[in-house]
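Here's the structure we're looking at; comments come further down.
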Amino acid sequence: MPSRELQTLLTVFRARPRRGGTVAPIERVRADFEAFQAALRAPTDFTAEPISAGGVPAEWIVPHGPRPERTVLFFHGGGYASGSLGTHRALVARIARATPARVLQVGYRLAPEDPFPAAFEDARAAYRWLLDTGVEPATLAVGGDSAGGGLSLALLCAARDAGEPLPAAWFGLSPWTDLGHTGESIVTRAEQDPLFTPESLEGMAALYAGDHPRTHPAISPLFADLHDLPPGLLQVGTAELLLDDSTRLARRLEAAGVTVELDVWESMFHGWQLFASMLPEGQQALEQVAAFVRRNTAVAAEVRP
């Protein structure tokens, strides 16, 4: 049964106008996202160290306490046109603490200033840099939310094709995997989604994809060759326009012989994990991510007994 906190939050969302039409001016979208996330209560028991990951802005998020035994590479959401290290720092810190793991969060370039393939190239550069630092792939998980979830999957497909080592696990939190929006949920969930409209998603997709085909596997990894990928976890809510981006992906992964856990959360909206400070379901979802990472990754050699 949905929590009281969820019911309250949905009431607040539904009292506000959803994003319709295009996403211009993008500056306002970004500012609203930053302000909204800044208002949420963030954990304080972690350190954030800004770095350059192969020339890409990034930061290490490390929880206080015992030395983390695993590494997570995380890509934030925001429709490829908004979101930042700041908007997702609290979410990443909660994953780091729950696992425990040190998390490299990547601040890839955004559209419309830098459309595809900029974000994809940044993801590839950050991943190569991380491997070059000596991180053991068996101790590594890669993931992200929304656009970052799709980006992380596109990254893994490209790394596999290039013969690069793959991480031990992958996770997507309501991943955006089909920028062509061909899933039925774009229509069937249009009245249930409290945050987005089909038009607003289309506006974001147009900013990122530009003149490239929406079915390009690095833009919409739902259509990529998915064989020989690490085990994956997909979390998605029933009140999301993007529900089918996860359900169809799970079926395609299974058909390709990839182990995948699909967890569909009743009544959840897109990105509910970002609200873990006030939403029990948000923290529960992140605990599930942490447990999945622990089950599927090894302990780093330097911290083994």
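This is a predicted model, so every value here is computed, not measured. For the single chain, residues carry numbers from 1 onward in sequence order.
When the side-chain contact (heavy atoms from CB on, under 4.5 Å) test is applied to Asp122, the partners found at least two apart in sequence or on another chain are Val56, Tyr108, Arg109. Partners of Phe116 by ring pair (Phe, Tyr, Trp, His ring centres under 6.0 Å), not counting sequence neighbours, listed by chain and number: Tyr208, His212, His216. With sequence neighbours left out, Asn296 forms a side-chain contact (heavy atoms from CB on, under 4.5 Å) with Ala169, Pro231, Phe292. The side-chain hydrogen bond (donor to acceptor under 3.5 Å, both in side chains) search around Glu164 returns Arg124, Arg128, not counting sequence neighbours. Qualifying side-chain hydrogen bond (donor to acceptor under 3.5 Å, both in side chains) partners for Arg89, counting only residues two or more places apart in sequence or in other chains: Glu59. Residues forming a side-chain contact (heavy atoms from CB on, under 4.5 Å) with Ser220 (at least two apart in sequence, or on another chain): Asp178, Leu179, Phe223. For the side-chain hydrogen bond (donor to acceptor under 3.5 Å, both in side chains) test, no residue two or more places apart in sequence or in another chain qualifies with Thr87.
Looking at heavy atoms from C-beta onward, Ser277 lies in side-chain contact with Arg94 at the 4.5 angstrom threshold. Taking 4.5 Å as the limit, some side-chain heavy atom of Leu274 sits within range of a side-chain heavy atom of Asp145. At a threshold of 4.5 Å between non-hydrogen side-chain atoms, the residues Val72 and Leu140 do not count as touching. Ser246 is listed as a side-chain neighbour of Leu262, based on a closest heavy-atom distance under 4.5 Å. Residues Leu243 and Val264 meet the side-chain proximity criterion, which asks for heavy atoms closer than 4.5 Å. A heavy-atom distance below 4.5 Å is not found between the side chains of Val236 and Leu242. Under the 4.5 Å side-chain criterion, counting only non-hydrogen atoms from C-beta, Thr8 is not in contact with Thr11. Counting heavy atoms from C-beta outward, Met278 and Leu40 have side chains that approach closer than 4.5 Å.
One distance of note links CG of Leu85 with CD of Gln105; it measures 4.5 Å at 0.5 Å rounding. Here the straight-line distance linking atom CG of Leu130 with atom CG of Leu73 works out to 6.0 Å at 0.5 Å rounding. Interatomic distance, CG of Leu153 versus CG of Leu229, reported as 6.5 Å (0.5 Å rounding). To the nearest 0.5 Å, atom CG of residue Leu241 and atom CG of residue Leu195 are 9.0 Å apart. Leu151 CG to Ile219 CD1: the interatomic distance, rounded to the nearest 0.5 Å, is 11.5 Å.
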>> Does Arg70 form a side chain to side chain contact (heavy atoms under 4.5 Å, CB included) with Val299? I'd like the steps, not just the answer.
In response: CA-CA 6 Å; Arg70 296 167 171 87; Val299 174; 3.8 Å; yes
>> side chain to side chain contact (heavy atoms under 4.5 Å, CB included) for Phe74 and Val142? Distances and angles first, verdict last.
In response: CA-CA 6 Å; Phe74 187 89; Val142 175; over 6 Å; no
> Between Val293 and Leu233, does a side chain to side chain contact (heavy atoms under 4.5 Å, CB included) hold up when you go through it step by step?
Replying inline: CA-CA 9 Å; Val293 171; Leu233 168 68; over 6 Å; no
>> Glu69 vs Thr139, test: side-chain hydrogen bond (donor to acceptor under 3.5 Å, both in side chains). Steps then yes/no.
In response: CA-CA 8 Å; Glu69 301 175 336; Thr139 70; over 6 Å; no
> Please walk me through it: do Val29 and Met204 pass side chain to side chain contact (heavy atoms under 4.5 Å, CB included)?
Replying inline: CA-CA 11 Å; Val29 174; Met204 287 284 195; 4.1 Å; yes
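Between Phe33 and Gly78 the shortest heavy-atom distance is CE1-CA, 4.1 Å. Annotation for Ser152 and Gly144: closest pair OG-N, 4.0 Å, computed over non-hydrogen atoms. Of all heavy-atom pairs spanning Pro175 and Leu234, the tightest one is CG-CD2, 3.8 Å. Closest of all the heavy-atom pairs between Asp225 and Cys157 is O-SG, 3.7 Å. Contact detail for Leu104 and Ile51: the closest heavy-atom pair is CD1-CD1, 3.5 Å. Nearest heavy atom pair, residue Ala159 against residue Leu166, reads CB-CD2, 3.9 Å.
At most 12 non-hydrogen atoms from other residues, nucleotides or ligands lie less than 6.0 angstrom from CD of Glu184.
Sorted by first and then second residue, the ring-ring contact (aromatic ring centres under 6.0 Å, His included) pairs involving residues 121-172 (not counting sequence neighbours) form an empty list. Contacts classified as ring-ring contact (aromatic ring centres under 6.0 Å, His included) and involving residues 227-272 (residues at least two apart or in different chains) are given here: Phe13-Phe269, Phe196-His270, Trp265-Trp272, Phe269-Phe275. Residue pairs satisfying the salt bridge (Lys or Arg N to Asp or Glu O under 4.0 Å) criterion with at least one member in residues 258-269, sequence neighbours excluded, are listed as follows: Glu261-Arg295. Sorted by first and then second residue, the ring-ring contact (aromatic ring centres under 6.0 Å, His included) pairs with a member in residues 41-66 form an empty list; sequence neighbours excluded. Counting only residues at least two apart or on different chains, the side-chain hydrogen bond (donor to acceptor under 3.5 Å, both in side chains) pairs with a member in residues 41-50 are Asp45-Arg97.
Aromatic ring orientation, His76 versus His88: tilted (interplanar angle from 30° to 60°).
Side-chain contact, Glu34 with Ser84: a donor N or O sits under 3.5 Å from an acceptor N or O. Using modelled atom types and a 3.5 Å distance limit, the side chains of Thr177 and Arg248 yield no donor-acceptor pair. With no hydrogens or angles considered, no side-chain donor-acceptor pair links Arg30 and Ser82 at under 3.5 Å. Of the N and O atoms on the side chains of Ser174 and Gln235, not one donor lies less than 3.5 Å from an acceptor on the other residue. A side-chain N or O of Glu287 and one of Gln283 form a donor-acceptor pair less than 3.5 Å apart.
The main-chain N or O of Leu222 is found under 3.5 Å from a side-chain atom of Arg252 such that the two form a donor-acceptor pair. Distance alone, capped at 3.5 Å, is enough to place a donor-acceptor pair between the Arg189 side chain and the Thr238 backbone. Although no hydrogens or angles enter the test, the distance criterion places no donor-acceptor pair under 3.5 Å between the side chain of Thr99 and the main chain of Ala290. For the pair Ser3 (side chain) and Leu6 (backbone), a donor-acceptor distance under 3.5 Å is present. In this structure, Glu240 contributes its side chain and Gly237 its backbone to a donor-acceptor pair below 3.5 Å.
Under the 4.5 Å side-chain contact rule for hydrophobic residues, Trp176 and Val187 do not share a cluster.
Salt bridge status for Glu281 with Arg4: absent, with no side-chain N to carboxylate O gap under 4.0 Å.
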